[in-house]
There are 2 protein chains.
Amino acid sequence: MPDNMVIQGFESAEHDHGDCVADALREAERVCTERGERFTPLRRTVFELLWSSHKPVKAYDLLAQLALTHDRPAPPTVYRALDFLQEAGLVHKLESLNAYIGCGEPGRRHQGQFMICEECGVVAELDDETLTSRIDTNARKIGFKVNDETIEISGLCRQCQQP
Amino acid sequence: MPDNMVIQGFESAEHDHGDCVADALREAERVCTERGERFTPLRRTVFELLWSSHKPVKAYDLLAQLALTHDRPAPPTVYRALDFLQEAGLVHKLESLNAYIGCGEPGRRHQGQFMICEECGVVAELDDETLTSRIDTNARKIGFKVNDETIEISGLCRQCQQP
DNA sequence: GCAAGAATGTTATCTTATATCAAACTATAC
DNA sequence: GTATAGTTTGATATAAGATAACATTCTTGC
């Protein structure tokens, strides 16, 4: 595997999103089983809603979606599912947007780097080892012990730069 | 200048914070003059409050501080000052904390990279050109045009790792 | 001084997230 | 199979973060 690859996003025209979601679901089940955690119907629903596109989704939008199939869900319902999914590495929170998105490669421990299109909202998740190790190097220089990385780049995707 | 330097933070024991703030204020005045903007008393006060430490400050904490010297300030008072200061490049918002911090090098256009100590709350601002250009390289590969970077690393500073 | 624009004040409201306690469900031990 | 401990979800309330909209005051250039 190359040290830098686009794991997800910016390919909406080409890929079969049904397969994409099905894969994500299978992978999520596997991860939960491995961790001895339960992928309950509620968690599954929230996960599916997040994967309905490669765009980040806001918690209260999830809540509104949930309301279509559940009886008057309350915020904690969504936040608890999101917390669980984040804990399991199945979902990322985009801090710069206060929004959530399905993780493109949940199997491996990582935090990911995100390129967020300001125009169409689509997000690509990258995982560049070189970038991570450069950060580790910087941290080491000042004696800092890294626990968590938030790397979110916003701008315009290729499509949205067309005139 | 090295391609990677700590601009601010994690040096609390050694530096004269009075000088530090005085420098920041002078620099802020210069930047505003250069931009033809007004560094009003309110903006100055908010700026000073932000520079009272190298820790990020929350908007509502600023508001509470302001309330000590101003008559019942409301949220927009603080948010407007923060918006202005961010616009001028004098202040950064830390998205992962919903908090704000004075910029260590306001003269130059940059977005900065932050190392945030989870224990003591102190933040170091770095500016690593290599890191930035690595991100640009990644972006170019997928045809992405970068507008803005959010890079926030949390963990433990050297001090807080001591047993 | 006066008009135009900038900055601040004021009130209300919106968005995002969590605390707390109760009820329902699940798995295991007996 | 049922008691029980632990986990998950339901429900209510509220905390925390941010902005909209309009009024007033302050600055600046004429």
Side-chain angles (χ1 to χ4, degrees), chain A residues 28-29 32-33 35-50 55-88 90-101 121 150 152, chain B residues 28-29 31-50 55-88 90-101 121 150 152:
Chain A
E29 304 224 21
C32 286
T33 302
R35 292 168 53 96
E37 309 255 38
R38 295 167 51 206
F39 196 51
T40 64
L42 180 59
R43 290 166 178 173
R44 184 190 186 89
T45 302
V46 169
F47 186 81
E48 286 176 326
L49 289 172
L50 278 174
K55 300 184 185 185
V57 186
K58 304 216 148 219
Y60 275 73
D61 290 344
L62 285 174
L63 192 57
Q65 291 289 315
L66 261 191
L68 301 176
T69 52
H70 293 63
D71 187 40
R72 304 202 293 102
T77 299
V78 158
Y79 282 106
R80 281 192 288 231
L82 288 171
D83 286 349
F84 171 87
L85 295 170
Q86 284 180 263
E87 204 71 30
L90 298 169
V91 154
H92 294 288
K93 177 175 184 188
L94 297 176
E95 298 286 354
S96 60
L97 299 177
N98 293 323
Y100 305 81
I101 192 162
T150 299
E152 300 172 15
Chain B
E29 304 224 18
V31 167
C32 286
T33 302
E34 193 172 284
R35 293 168 52 95
E37 309 255 40
R38 295 166 51 205
F39 196 52
T40 64
L42 180 60
R43 290 165 179 174
R44 183 191 187 90
T45 301
V46 169
F47 186 81
E48 285 175 326
L49 289 172
L50 278 175
K55 300 183 185 183
V57 186
K58 305 217 150 217
Y60 275 72
D61 290 343
L62 285 173
L63 193 57
Q65 290 290 314
L66 260 190
L68 301 177
T69 53
H70 293 63
D71 186 40
R72 305 204 290 102
T77 299
V78 157
Y79 282 106
R80 283 194 286 232
L82 287 172
D83 285 349
F84 172 86
L85 295 169
Q86 284 180 264
E87 202 72 28
L90 297 168
V91 155
H92 294 288
K93 176 176 183 187
L94 297 176
E95 298 286 353
S96 59
L97 299 177
N98 292 324
Y100 303 82
I101 193 163
T150 299
E152 300 172 15

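Naming convention: chains lettered A, B, ... in sequence-line order (proteins, then strands); numbering from 1 in each chain.
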Candidate pair L50(B) and L82(B), rule side chain to side chain contact (heavy atoms under 4.5 Å, CB included), full reasoning: CA-CA 10 Å; L50(B) 278 175; L82(B) 287 172; 3.8 Å; yes
Shortest non-hydrogen contact between A28(B) and L90(B), atoms and distance: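 Scanning both residues completely, I find the closest heavy atoms to be CA-CD2, 3.7 Å.
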Closest non-hydrogen atom pair between Y100(B) and V91(B), with its separation: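 Heavy-atom minimum between the residues: CB-CG1, 4.3 Å.
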Nearest-Å distance, [atom1] ([X]) to [atom2] ([N])?
{"X": "D61(A)", "N": "dA17(C)", "atom1": "CG", "atom2": "C1'", "answer": "15 Å"}
{"X": "L85(A)", "N": "dT8(D)", "atom1": "CG", "atom2": "C1'", "answer": "14 Å"}
{"X": "L63(A)", "N": "dA17(C)", "atom1": "CG", "atom2": "C1'", "answer": "12 Å"}
{"X": "E95(B)", "N": "dA18(D)", "atom1": "CD", "atom2": "C1'", "answer": "12 Å"}

Salt bridge (charged side-chain N to carboxylate O under 4.0 Å, His left out) partners of E152(B), counting only residues at least two apart: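 Scan of E152(B) (salt bridge (charged side-chain N to carboxylate O under 4.0 Å, His left out), adjacent residues dropped) gives none.
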Audit row: K93(B), I101(B), side chain to side chain contact (heavy atoms under 4.5 Å, CB included) steps and yes/no: CA-CA 6 Å; K93(B) 176 176 183 187; I101(B) 193 163; over 6 Å; no
Give every pair of a protein N or O atom and an N or O atom of nucleotides 14-16 of chain C that lie under 3.5 Å apart, one pair per line with the distance.
unit_1, atom_1, unit_2, atom_2, d
dT16(C), OP1, K58(A), NZ, 2.5

Pairs touching residues 36-48 of chain B that satisfy side-chain hydrogen bond (donor to acceptor under 3.5 Å, both in side chains), sequence neighbours left out: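 Qualifying pairs: E29(B)-R44(B), R35(B)-E37(B).
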Mind listing the side-chain donor-acceptor pairs of residues 55-66 of chain A below 3.5 Å, one per line with the distance, residues two or more places apart or on another chain?
unit_1, atom_1, unit_2, atom_2, d
K55(A), NZ, C120(A), O, 3.1
K58(A), NZ, L97(A), O, 2.9

Please tabulate, one pair per line, each protein N/O and nucleotide N/O from nucleotides 6-11 of chain C that are separated by under 3.5 Å, including the distance.
unit_1, atom_1, unit_2, atom_2, d
dA7(C), OP1, R43(B), NH1, 3.3
dT8(C), OP1, T40(B), OG1, 2.6
dG9(C), N7, R80(B), NH2, 2.5
dG9(C), O6, R80(B), NH1, 3.1

Inter-residue atom distance L49(A).CG - T69(A).OG1, 0.5 Å rounding: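 L49(A) atom CG to T69(A) atom OG1 measures 7.0 Å (nearest 0.5 Å).
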T77(A) OG1 to R72(A) CZ distance, which is reported to the nearest 0.5 Å: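 The CZ atom of R72(A) is 11.0 Å from OG1 of T77(A), to the nearest 0.5 Å.
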Chi angles and distances behind the side chain to side chain contact (heavy atoms under 4.5 Å, CB included) call for H70(A), L42(A): CA-CA 9 Å; H70(A) 293 63; L42(A) 180 59; 4.1 Å; yes
Secondary-structure stems, DNA chain D, at least 3 Watson-Crick or G-U base pairs under 3.5 Å: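 If one scans DNA chain D for consecutive Watson-Crick or G-U pairs, the stems found are C:1-30 with D:1-30.
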